[in-house]
Amino acid sequence: MRKSFILLFSAFTLAGLMLSCSKTNSPGDNNQSSGKEEDEVVEDLITIDGVFDDWKALNDDSYAVTELPDDEFQYTCLLKMMAAADKTNVYLYFEYQEEEEQTAAPMTIVIDADDDPDTGFSDYHWMNAGWDYAIESSAGFVGNSFKKMNDFKLLKPMEGYDGQARSWDPKNYTDGTAKGVKNKGVKENDVYTFEINIPRTLIKAEKKGLTIRVAAYVENQEWHENGILPIEDGIGATEMMEVYLP
C-alpha cells in the first residue's frame with residue numbers, strides 16, 4: 001500500500017513539472033513580448049552624412065513634413081522641410097533653391113522646446129510662435145558648393161520674455177555655441193539638400209512623449225527673408241511644425 005502511494009505521488013509530481021515547463025516556454029506569452037517592446041529604444045535614427053536614404057526609409061507616422069505651396073511666390077527658396085526625432089536628437093531635412101546671384105544664405109531654425117507659445121520669444125513669421133531656442137548660422141551656401149555650417153550659434157531669449165511681440169535686438173538674447181549640432185549637404189543643379197541634427201540636451205527637450213515645434217527661415221546677403229517654412233497659410237498665419245519626441 002505504501003509503495004502504491006509513493007508511485008502515485010511521484011506521477012502527480014512529474015505531471016505538475018511538465019505542465020509548469022510548458023507554460024514557461026510558451027511562445028505566445030504576451031507578458032514577455034510586451035516587456036521587450038517597452039525596452040526597445042531608437043537611437044541614431046538619421047546619420048548626418050549627406051546621404052538621404054534613411055529619410056526615405058522612415059515610416060509615415062515617424063516624421064513631419066511641409067513643402068512650399070504652389071501659390072507662394074515671395075518666399076520661395078525653402079522648398080521642403082522634414083523633421084524627426086529619436087532618443088538623443090531632433091533631425092531636420094531641407095531642400096533649398098538658391099536665388100540668382102546670391103552669395104550666402106544665413107539660416108535660422110526656431111524651436112518651441114516646451115510646446116507653449118506663451119513662453120519664449122514671439123516671432124511674426126508664424127502664428128502663436130513662442131520659441132525658446134534658435135539655432136542660427138551666418139553662412140551656409142557660398143558660390144557653387146555647400147559650405148558646412150560650422151558656425152552655428154544657440155540663441156535663447158533672456159529670462160522674462162513671455163511670448164509678447166518685441167523687436168529683434170541682440171541684447172534681448174543670450175547666445176552660445178550650439179555644441180553637438182552636425183550638418184551635411186549636397187548640391188544638384190541649383191538645389192541644395194542638407195540635413196542637420198540638434199541634440200535634445202542642447203534645447204532641454206529630454207522628456208519622453210513631449211511634442212515640440214520647429215520652423216526655419218533663410219535670408220539673402222542683404223538680410224531679407226527669401227525662404228520660410230512652414231508657410232502653408234501665408235506668413236504669420238501658419239503654425240510651426242510639430243515634432244513628437246519618443
Donor-acceptor pairs are to be reported for all side-chain atoms of residues 194-203 against protein atoms at under 3.5 Å, with residues two or more places apart or in another chain.
from: E195; atom 1: OE1; to: W55; atom 2: NE1; distance (Å): 2.9
from: E195; atom 1: OE2; to: D49; atom 2: N; distance (Å): 2.9
from: E195; atom 1: OE2; to: G50; atom 2: N; distance (Å): 2.9
from: N197; atom 1: OD1; to: K182; atom 2: N; distance (Å): 2.6
from: N197; atom 1: ND2; to: N89; atom 2: OD1; distance (Å): 3.0
from: N197; atom 1: ND2; to: G180; atom 2: O; distance (Å): 3.3
from: R200; atom 1: NE; to: A205; atom 2: O; distance (Å): 2.8
from: R200; atom 1: NH1; to: D86; atom 2: O; distance (Å): 2.8
from: R200; atom 1: NH1; to: P246; atom 2: O; distance (Å): 3.0
from: R200; atom 1: NH2; to: A205; atom 2: O; distance (Å): 3.4
from: R200; atom 1: NH2; to: E206; atom 2: O; distance (Å): 3.4
from: R200; atom 1: NH2; to: K207; atom 2: O; distance (Å): 3.2

## Note on the structure
The reported gap from OH in Y192 to NZ in K187 (rounded to nearest 0.5 angstrom) is 3.5 Å
### Task
Taking side-chain hydrogen bond (donor to acceptor under 3.5 Å, both in side chains) as the test, write out the residues that go with D116, two or more places apart.
none
Taking only distance into account, with no hydrogens and no angle test, what donor-acceptor pairs under 3.5 Å do side-chain atoms of residues 72-82 form with protein atoms, sequence neighbours excluded?
from: E72; atom 1: OE2; to: Q74; atom 2: N; distance (Å): 3.0
from: E72; atom 1: OE2; to: Y75; atom 2: N; distance (Å): 3.0

### Query
Of all heavy-atom pairs between F121 and P157, which one has the smallest distance, and what is that distance?
CB-CG, 3.5 Å
### Task
For L154 and T177, run side chain to side chain contact (heavy atoms under 4.5 Å, CB included): C-alpha distance rounded to whole Å, both residues' side-chain angles, the deciding distance at 0.1 Å, then the answer.
CA-CA 6 Å; L154 176 71; T177 302; over 6 Å; no
#### Entry: Name of the residue among D115, D112, I111 meeting side chain to side chain contact (heavy atoms under 4.5 Å, CB included) with I212
I111
### Task
Supply the atom-to-atom distance N183 CG to L92 CG, rounded to the nearest 0.5 angstrom.
11.0 Å
### side-chain hydrogen bond (donor to acceptor under 3.5 Å, both in side chains) partners of Y93, counting only residues at least two apart
E95
## Note on the structure
OG1 of T174 to NZ of K156, rounded to nearest 0.5 Å, is 6.0 Å
## Note on the structure
Of all heavy-atom pairs linking T108 and A134, the shortest is CG2-CB, 4.2 Å
### Task
Indicate if V51 and F94 have the same hydrophobic cluster label, given that clusters are the connected sets of ILVMFWY residues with side-chain heavy-atom separations under 4.5 angstrom.
no
### Query
Honestly curious: do I235 and M241 fall in one hydrophobic cluster under the side-chain, below-4.5 Å linking rule?
yes
### Query
So do I109 and M107 actually touch side chain to side chain, heavy atoms under 4.5 Å?
yes
### Query
What pairs of residues pass the side chain to side chain donor-acceptor pair (under 3.5 Å) test when at least one of them lies in residues 227-239, not counting sequence neighbours?
T66-E232, N128-E239, R213-E239
### Query
Is there a path from M127 to L229 through hydrophobic residues (I, L, V, M, F, W, Y) whose side chains come within less than 4.5 Å of each other?
no
### Query
Is the backbone of L155 close enough, under 3.5 Å, to the side chain of D175 for a donor and an acceptor to pair up by distance?
no
### Query
Of all residues at least two apart in sequence or in a different chain, which pass the salt bridge (Lys or Arg N to Asp or Glu O under 4.0 Å) check with E67?
none
### Query
Side chains of V110 and D123: closer than 4.5 Å at any heavy-atom pair?
yes
### Task
State plainly whether one hydrophobic cluster holds both V191 and Y96, where clusters connect Ile, Leu, Val, Met, Phe, Trp and Tyr through side-chain heavy atoms under 4.5 angstrom apart.
yes
#### Entry: Least distance between heavy atoms, W126 atom then P230 atom
NE1-O, 3.0 Å
### Query
Hey, mind stepping through V186 and F52 against side chain to side chain contact (heavy atoms under 4.5 Å, CB included) and telling me if it holds?
CA-CA 10 Å; V186 296; F52 309 108; 3.8 Å; yes
### Query
Quick one: does T211's side chain have a donor or acceptor within less than 3.5 Å of a partner on Y244's backbone?
no
### Message
Return the NE2 to CH2 distance between H125 and W131, rounded to the nearest 0.5 Å.
### Response
11.0 Å
### Query
Closest heavy-atom contact between Y91 and A85?
CD1-CA, 4.3 Å
